[in-house]
Amino acid sequence: MSFQVSILKILAGQPEGRASLAVLKHYLAVFYTSGPDWTARMKRLAERAPDLNIFGQGLVAREPGQWIITEKGRAFLALLEQTGLPTSQERALEGTGEKPLASKLPALAPGRQGHSASRRHRRRNCLRTRDGRST
């Protein structure tokens with residue numbers, strides 16, 4: 001889920017923690033094409049939270065035209081970036097039974113997983129004409 005960690009990082013660096021989807025896409029494109037450093041860092045951070053779901057866990061809120069990092073999202077990101085927090089590979093080597101960071105966050109309510117994706121898909125299809133172009 002390094003992509004979701006990247007979104008948290010980008011939103012945390014924006015004024016008021018808000019950004020449009022176009023701004024997010026722009027930053028993601030810049031970061032992921034600027035070399036292996038960003039990708040490697042995001043993968044290391046993502047190992048600490050393998051079950052991350054930024055929307056389902058309330059870390060990012062969506063409003064019309066923009067995404068916003070919540071206070072919970074900022075706190076999670078700060079905790080994730082603490083240097084003393086081991087990755088899943090380091091925990092396996094140490095033999096500790098500690099659960100990954102994302103397991104400390106509330107789980108999605110049953111029956112809600114994938115809900116927004118299907119709604120988004122239906123909405124996108126309604127906006128398309130028969131020849132496949134957007135209106």
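Keep in mind that what you see is a predicted model, and the values were worked out from it rather than measured.
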| field | side-chain contact (heavy atoms from CB on, under 4.5 Å) between Arg62 and Phe55, worked out | value | CA-CA 8 Å; Arg62 290 178 280 200; Phe55 299 112; 3.5 Å; yes
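Distance check, rounded to the nearest 0.5 Å: OG of Ser2 to CZ of Arg41 gives 12.5 Å. Annotation: the span from Leu45 atom CG to Glu47 atom CD amounts to 9.5 Å, rounded to 0.5 Å. Remark: Gln4 CD to Asn53 CG distance equals 5.5 Å, nearest 0.5 Å. The CH2 atom of Trp67 sits 13.0 Å away from atom CD of Gln14, with the distance rounded to the nearest 0.5 Å. Rounded to the nearest 0.5 angstrom, Ser20 OG and His26 NE2 are separated by 10.5 Å. Atom CZ of Arg74 is separated from atom CG of Leu59 by 12.0 Å, given to the nearest 0.5 angstrom.
Contact of the Leu11 side chain with the Val60 side chain is registered, since non-hydrogen atoms from C-beta on lie closer than 4.5 Å.
Judged purely by atom type and a 3.5 angstrom limit, Lys72 uses its side chain to pair as donor or acceptor with the backbone of Gln57. A distance-only check finds no donor-acceptor pair linking the side chain of Thr39 to the backbone of Pro36 [under 3.5 Å].
In the hydrophobic cluster analysis, where Ile, Leu, Val, Met, Phe, Trp and Tyr join through side-chain heavy atoms closer than 4.5 angstrom, Tyr27 is grouped together with Leu77. Note: the hydrophobic cluster containing Tyr32 also contains Ile7 (ILVMFWY, side chain heavy atoms under 4.5 Å, direct or indirect links).
A pairwise comparison of heavy atoms in Ala49 and Leu80 identifies CB-CD1, 4.1 Å as the closest pair.
Taking Trp38 as the reference, Ser6 meet the side chain to side chain donor-acceptor pair (under 3.5 Å) condition, with sequence neighbours excluded.
Here Glu81 does not pair with Arg48 in a salt bridge; the nearest charged N to carboxylate O distance is not below 4.0 Å.
Here the options are Val23, Thr33, Ile10, the test is side-chain contact (heavy atoms from CB on, under 4.5 Å), and the partner is Leu28; only Ile10 passes. Screening Ile54, Ile69, Leu52 for a side-chain contact (heavy atoms from CB on, under 4.5 Å) involving Phe76 leaves a single residue, Leu52.
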